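Here the structure comes first, spelled out in structure tokens, and everything after it is commentary.
All of these numbers come straight from a predicted model, not from anything done at the bench.
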Amino acid sequence: MSFFRDLFDGRGRRARAAEAEGRHREAAALYAAMGQMVDAGRCLAHEGDKATELEARLSAWADALGLLPAIAVDERRAVEGKLGRAVLEDARAHGLASATERRRLLEAAERLERSGKLVEAAD
């Protein structure tokens, strides 16, 4: 099936090429259009891993969670942990100045709990 899909559709081939070239959002969009939501979520999670700015990482990981199906438990747990850990590290480095930042930290604690990182969630 995959061979025929690549032969007649080409989206899979384009998605793999975009992923190999580091264009993870484009690859994720192609995978999602083909209905391969786990692959789409993995691409966005990888984009979050490679991003240098906090907001870009958080955005990519949140988008990955939006695409990953509920059945992809391990992938979802890993992304939840990354999101929570990134917010926690930012709060440690910069402190909490506003109610929005405190709310974001509480959400991060919930994500860390869901991912099984209970000690970090307690922090």
For L65 and R76 the tightest heavy-atom approach is O-NH1, 2.7 Å
How long is the gap from CZ on R11 to CZ on R13, to the nearest 0.5 Å? 12.0 Å
For E21, I'd like to know if atom CD has over 12 heavy atoms of other residues, nucleotides or ligands within 6.0 Å. yes
Approximate separation, where rounding is to 0.5 Å, of H46 NE2 and E19 CD: 7.5 Å
Only one of L44, V79, L58 clears side-chain contact (heavy atoms from CB on, under 4.5 Å) with D63; which? L44
In terms of heavy-atom contacts, A32 and A40 come closest through N-CB, 3.9 Å
Shortest non-hydrogen contact from W61 to A86? CZ3-CB, 3.7 Å
Would you compute the distance between atom CD of E55 and atom CG of D90 and round it to the nearest 0.5 angstrom? 8.0 Å
Can you list the residues that meet the salt bridge (Lys or Arg N to Asp or Glu O under 4.0 Å) rule with E75, with sequence neighbours excluded? R42
I need the minimum non-hydrogen distance between A56 and A51, along with the two atoms involved. CB-CB, 3.9 Å
Measure the CZ-CZ distance between R85 and R92 for me, rounded to the nearest 0.5 Å. 10.5 Å
Hphob cluster co-occupancy, V87 + L54, side-chain heavy atoms under 4.5 angstrom: yes
dist S59:OG -> E53:CD (nearest 0.5 Å) comes out at 11.5 Å
Can you tell me which residue among E113, R114, E110 is in a side-chain contact (heavy atoms from CB on, under 4.5 Å) with E80? R114
Write down the atom of C43, the atom of A28, and the distance for their closest heavy-atom approach. CB-CB, 4.0 Å
Where V38 and A72 come nearest, the two heavy atoms and their spacing: CG2-CB, 4.2 Å
